[in-house]
Amino acid sequence: MHQSSLQLWINASLFDGLESAAEPMAIAVKEGRIAWLKPVSELSVDDKSGFECIDVKGALMTPGLIDCHTHLVFGGNRAGEFEARLEGASYEEIARAGGGIISTVRATRAASEDELFESAKPRLQALIADGVTTVEIKSGYGLDVENELKMLRVARRLGRELPVRVVTTLLGAHALPPEYKDDADGYISLVCSQMIPAAVAERLADAVDVFCENIAFSVEQCERVYAAAKAHGLAIKGHTEQLSNLGGSAAAARAGALSVDHIEYLDEDGVKALAEADTVATLLPGAFFILRETKMPPIELLRRYQVPMALATDANPGTSPIFSLKLMLNMACTLFRLTPIEALRGVTAHGAQALGLQTEVGRIAPGLQADFCLWDTTNPAELAYSVGLPRLTHRVVAGKMSGGAA
Ligand code: DI6
Ligand code: FE
């Protein structure tokens, strides 16, 4: 169905990744890319010649959704920790007592590559069913060279075997492994001198990420990781200002980070640093919700300084066991007071920018990949307004139908 190399999708209510079109649009796809688009009222007979014409009858068309921050490859799960938190333990207390991230490290190290692949697959399929066409997947539960590479190999394999673009990020500096107890600097040296070069040698990582926090790594340690990543030609990102304000976001921006993520505790100086460096602010309302945080990210400041805001699931076994990007659209509006259009930009154009992929995906614009979704509504606000609906009727990746209800 709709697999010819020349397609003309007509009568779309278009949200192009940044704005909604004022009138019904026609979108031409040639060999998997967007060739051109124009209002249906301006279509000539010549425009249509040679194309397979698909009338979507007013349905909402958006770019394929981009989940620019996930940790969806991991062993085991943390339902027990969820119960402990219900009884009053905090995330930090659990982490300091050797639970939290480190308990997932134990389960991930014990799992084979095949086991990790099989457990990650339904998580990724859930995102795909929600309209995701590009997903970022981080390592970070191996915390030694062999197990970090194992996670990244699983992420690459997911991208080969499932109809979704996968971008990989090495998050070796996620937590301190037990072998390096009391030697965080020594562990950072391992990340810089062995893990990053090994990931680069196997082409397993597109970017490098860090967790800059009191319970993880200092700003100085993160800066060492950034320097090593950049020396190997990799992009950088940071988990920063999630639980406290250490100045990690400004440091990441100064180092040229594509994005800084979480940022509930970001202050005005930090926001200015992002604006100056063109670094994206990635909002992760799932972790905010699960941890019942009350400190809001500085949305008004981000607007004032025109920092692009991306939005992602942070899908992970601890702070965001949530495999729905559409739910994040609602949470970003309900919890963080984004407008529906801001939220939608966050999972399309700005999500792409957070991955450095803005010239490939995230917008419906000439020259970009023909990755898009059609929804059972005409109004983009409904994607954020309602949970569970509207239905995804078509999901198209590089011009090929791939999922959706229709
Ligand atoms: N911040 C988070 O919210 C996740 N990682 C991070 O640096 C949590 C990961 C986990 O708890 O397993
Ligand atoms: Fe995360």
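In listed order, ligands and their atoms are each counted from 1. Residue numbers run from 1 in the order of the sequence given. Hydrogens, waters and symmetry mates are skipped; everything else that's a heavy atom, side chains included, is used.
- Taking every non-hydrogen atom of His239 and a distance limit under 4.0 Å, the qualifying atoms of ligand 1 come out as 1 (N), 6 (C), 7 (O).
- Each of Thr240, Asp314, Leu243 was scored for a side chain to side chain contact (heavy atoms under 4.5 Å, CB included) with His262, with one residue passing: Asp314.
- For the side chain to side chain donor-acceptor pair (under 3.5 Å) with Asp209, the qualifying choice from Lys237, Lys138, His174 is Lys138, the only one to do so.
- When each atom of ligand 1 is checked for a heavy atom of Asn316 under 4.0 Å away, the hits are 4 (C), 8 (C), 9 (C), 10 (C), 11 (O), 12 (O).
- In this structure, Lys272 forms no cation-pi arrangement with Tyr305, as its terminal cationic atom is not both closer than 6.0 Å to the ring centre and no more than 45° off the ring axis.
- Figure legend: cation-pi geometry between Arg123 and Phe74, with NZ or CZ positioned under 6.0 Å from the six-membered ring centre and within 45° of its axis.
- Distances from the Fe ion (ligand 2) show that His239 has an N/O/S atom below 2.8 Å.
- Minimum-distance N/O/S atom of Asp314 relative to the Fe ion (ligand 2): OD1.
- Those atoms of ligand 1 that come under 4.0 Å of a heavy atom in Thr319, given as number and element, are 2 (C), 3 (O), 4 (C), 8 (C), 11 (O).
- Nearest-heavy-atom check against atom 8 (C) of ligand 1 across Tyr91, Phe217, Phe211 picks out Tyr91.
- Contacts between Glu213 and ligand 1, counted as non-hydrogen atom pairs separated by less than 4.0 Å, are absent for every part of the residue.
- Taking the six-membered ring for Trp and thresholds of 30 and 60 degrees, Phe288 and Phe336 have ring planes more than 60 degrees apart, a perpendicular arrangement.
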Residues Glu179, Arg109; criterion salt bridge (Lys or Arg N to Asp or Glu O under 4.0 Å); working and verdict: CA-CA 13 Å; Glu179 314 82 87; Arg109 287 179 175 179; 3.0 Å; yes
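- Contact annotation for Phe74 and ligand 1: no heavy atom of the residue comes within less than 4.0 Å of the ligand.
- With Thr313 as reference, Asp67 is the one residue of Thr70, Asp130, Asp67 to meet the side chain to side chain donor-acceptor pair (under 3.5 Å) rule.
- The protein heavy-atom contact nearest to atom 5 (N) of ligand 1 is His174 NE2, 2.8 Å.
- Below 4.0 Å from some heavy atom of Gln242 lie the following atoms of ligand 1, by number and element: 1 (N), 2 (C), 3 (O).
- Those atoms of ligand 1 that come under 4.0 Å of a heavy atom in Asp314, given as number and element, are 2 (C), 3 (O).
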Is there a side-chain contact (heavy atoms from CB on, under 4.5 Å) between Phe217 and Val210 once you walk through the steps? CA-CA 8 Å; Phe217 299 100; Val210 299; 5.9 Å; no
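- With hydrogens and angles left out, the side-chain atoms of Gln358 and Arg363 include no donor and acceptor closer than 3.5 Å.
- Applying the 4.0 Å criterion to heavy atoms of Gly318 picks out, from ligand 1, the atoms 11 (O), 12 (O).
- For ligand 1, the atoms closer than 4.0 angstrom to any heavy atom of Tyr141 are 9 (C), 10 (C), 12 (O).
- Of the heavy atoms in Thr104, none comes closer than 4.0 Å to ligand 1.
- With Leu234 as the fixed residue, the side chain to side chain contact (heavy atoms under 4.5 Å, CB included) test singles out one of Thr169, Ile196, Asp206: Ile196.
- Near Ile101, the atoms of ligand 1 lying under 4.0 angstrom from a non-hydrogen atom of the residue are 9 (C), 10 (C), 11 (O), 12 (O).
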